Amino acid sequence: MSFVGSRDQGLEEIRQFYSGAKLVDAEQMVNKYANQIGEYLEGERQEFTLKLDVSGTKFQESVWEQLKKIPYGKTNSYTEIAQAIGNPKAVRAVGSAIGKNPVLIVVPCHRVITKDQQLGNYRGGLAMKRELLTLEGAIDQ
């Protein structure tokens, strides 16, 4: 299963997502993932070409697919996401699905803000969300 955690979080974060998973040391397998995320954080990459192994409910997966369509440096609101997946009244459910995104940054849930242009919530914390959006030029610091 694919997972990108929050900064300053330990293994407990991944255990919350995948409670029965056995963690193994697989440095060679994760190097390409770490490299692409590192390139993104250095401002050298705007898109990821990583194969992801994630699963959720049909609704969650539809939200995550919509998140991948938000371009680098742009934002969408929770309302816009709900409308785009054909379920305009599901704004709160969209927020819940975004919170269950196991691959932060790669599936760019940090690009979702409230309809009144506030940051909203973020599993990695608002400071991390602000930094990612600033890196992309989506907001001023």
Side-chain angles (χ1 to χ4, degrees), residues 1-88 90-141:
M1 299 298 283
S2 300
F3 185 81
V4 176
S6 308
R7 101 175 141 208
D8 302 328
Q9 297 294 315
L11 293 177
E12 192 56 38
E13 184 180 17
I14 192 170
R15 289 187 177 111
Q16 289 174 357
F17 270 79
Y18 303 116
S19 60
K22 177 182 175 186
L23 302 178
V24 295
D25 186 0
E27 186 175 334
Q28 286 186 349
M29 286 178 60
V30 300
N31 276 345
K32 63 184 171 189
Y33 295 84
N35 289 341
Q36 285 196 23
I37 291 170
E39 291 167 359
Y40 166 83
L41 293 172
E42 293 295 321
E44 299 168 0
R45 173 178 291 278
Q46 295 184 2
E47 294 182 17
F48 295 95
T49 59
L50 302 169
K51 184 175 180 350
L52 299 177
D53 179 13
V54 296
S55 64
T57 67
K58 185 176 179 180
F59 181 82
Q60 288 170 336
E61 290 177 1
S62 70
V63 170
W64 301 339
E65 284 302 313
Q66 191 62 39
L67 297 179
K68 290 193 260 182
K69 296 177 183 177
I70 305 171
Y72 182 95
K74 302 292 183 190
T75 59
N76 277 177
S77 70
Y78 295 92
T79 302
E80 289 171 313
I81 299 296
Q83 291 169 344
I85 63 168
N87 204 337
V91 177
R92 286 182 184 256
V94 164
S96 293
I98 290 171
K100 298 289 185 186
N101 170 21
V103 282
L104 297 181
I105 302 172
V106 179
V107 173
C109 52
H110 61 279
R111 295 179 186 154
V112 181
I113 60 174
T114 67
K115 65 182 173 185
D116 61 349
Q117 305 298 301
Q118 300 299 309
L119 291 183
N121 292 319
Y122 188 62
R123 177 167 53 94
L126 290 183
M128 182 178 174
K129 184 173 188 171
R130 184 176 290 109
E131 289 170 16
L132 294 173
L133 291 173
T134 301
L135 169 72
E136 294 185 11
I139 63 169
D140 296 325
Q141 191 159 353

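Quick caveat, the model's predicted, so the values are computed rather than measured.
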Open item on the list: How close do Leu132 and Tyr122 get, counting heavy atoms only, and between which atoms?
Closed with: CD1-OH, 3.5 Å
- [ ] Identify the heavy atoms of Ser2 and Tyr18 that sit nearest to each other, and give their distance.
- [x] O-OH, 2.9 Å
TODO: Quick one: closest heavy-atom pair of Asn76 and Glu80, and the distance?
DONE: CA-OE1, 3.1 Å
- [ ] Apply side-chain contact (heavy atoms from CB on, under 4.5 Å) to Val107 and Leu52, showing your working.
- [x] CA-CA 10 Å; Val107 173; Leu52 299 177; 3.9 Å; yes
TODO: Calculate, to the nearest 0.5 Å, the distance between atoms CG and CD1 belonging to Leu50 and Ile105 respectively.
DONE: 11.5 Å
Task: Where at least one partner belongs to residues 52-66, residue pairs that pass salt bridge (charged side-chain N to carboxylate O under 4.0 Å, His left out), sequence neighbours excluded - done: Glu65-Lys68
Task: Which atom of Ser6 lies closest to which atom of Gly124, heavy atoms considered - done: OG-CA, 3.3 Å
Task: Of all pairs that satisfy salt bridge (charged side-chain N to carboxylate O under 4.0 Å, His left out), the ones with a partner from residues 115-127, not counting sequence neighbours - done: Glu13-Arg123
Task: Distance, nearest 0.5 Å, that separates CG of Leu41 from CD of Gln36 - done: 12.0 Å
TODO: Any chance you could measure Tyr72, atom OH, to Glu47, atom CD, to the nearest 0.5 Å?
DONE: 11.0 Å
- [ ] Measure from the side-chain N and O atoms of Lys74 to the backbone N and O of Ala138, and report whether any donor-acceptor pair falls under 3.5 Å.
- [x] no
TODO: May I ask you to decide if Gln16's main-chain N or O and Ser19's side chain share a donor-acceptor pair within less than 3.5 Å?
DONE: no
Open item on the list: Does Asn87, at its CG atom, have more than 12 non-hydrogen atoms belonging to other residues, nucleotides or ligands within less than 6.0 Å?
Closed with: yes
Open item on the list: Checking the side chain of Arg111 only, and the main-chain atoms of Ile70 only, is there a donor and an acceptor separated by less than 3.5 Å?
Closed with: yes
Task: Within 6.0 angstrom of Glu39 CD, more than 12 heavy atoms from elsewhere - done: yes
- [ ] Would you confirm whether Gln118, through its side chain, and Ile113, through its main-chain N or O, come within 3.5 Å as a donor-acceptor pair?
- [x] no
Open item on the list: Which heavy atom of Ala82 sits nearest to which heavy atom of Ala90, and what is that distance?
Closed with: CB-C, 4.2 Å
Open item on the list: So Val94 and Thr79, do their side chains get closer than 4.5 Å, heavy atoms only?
Closed with: no
Open item on the list: On a heavy-atom basis, which atom in Gln66 and which in Ile81 lie closest, and how many Å separate them?
Closed with: CG-CD1, 3.9 Å
Task: Qualifying side-chain hydrogen bond (donor to acceptor under 3.5 Å, both in side chains) pairs, either residue in residues 94-106, two or more places apart - done: none
Task: Between Tyr40 and Glu136: side-chain donor-acceptor atoms closer than 3.5 Å - done: yes
TODO: With the side chain counted from C-beta on, respond yes when Tyr33 and Lys51 share a heavy-atom pair under 4.5 Å apart, and no when they do not.
DONE: yes
TODO: List the steps and the verdict of side-chain contact (heavy atoms from CB on, under 4.5 Å) for Leu104 and Cys109.
DONE: CA-CA 7 Å; Leu104 297 181; Cys109 52; 3.5 Å; yes
TODO: To the nearest 0.5 angstrom, please state how far the CG atom of Leu67 sits from the NE2 atom of His110.
DONE: 10.0 Å
Task: Heavy-atom check, side chain of Ile85 versus side chain of Phe59, under 4.5 Å - done: yes
- [ ] Determine yes or no for a side-chain-to-main-chain donor-acceptor pair under 3.5 angstrom, with Trp64 supplying the side chain and Ala97 the backbone.
- [x] yes
Task: Student check: side-chain heavy atoms of Phe3 and Val30 closer than 4.5 Å - done: no
Task: Any donor-acceptor N/O pair, Thr134 side chain to Arg130 backbone, under 3.5 Å - done: yes
Task: More than 12 heavy atoms of other groups within 6.0 Å of Glu44 CD - done: yes
TODO: Evaluate the side-chain contact (heavy atoms from CB on, under 4.5 Å) criterion for residues Tyr78 and Ile98: first the C-alpha distance (whole Å), next the side-chain angles of each, then the deciding distance (0.1 Å), finally the verdict.
DONE: CA-CA 9 Å; Tyr78 295 92; Ile98 290 171; 3.8 Å; yes
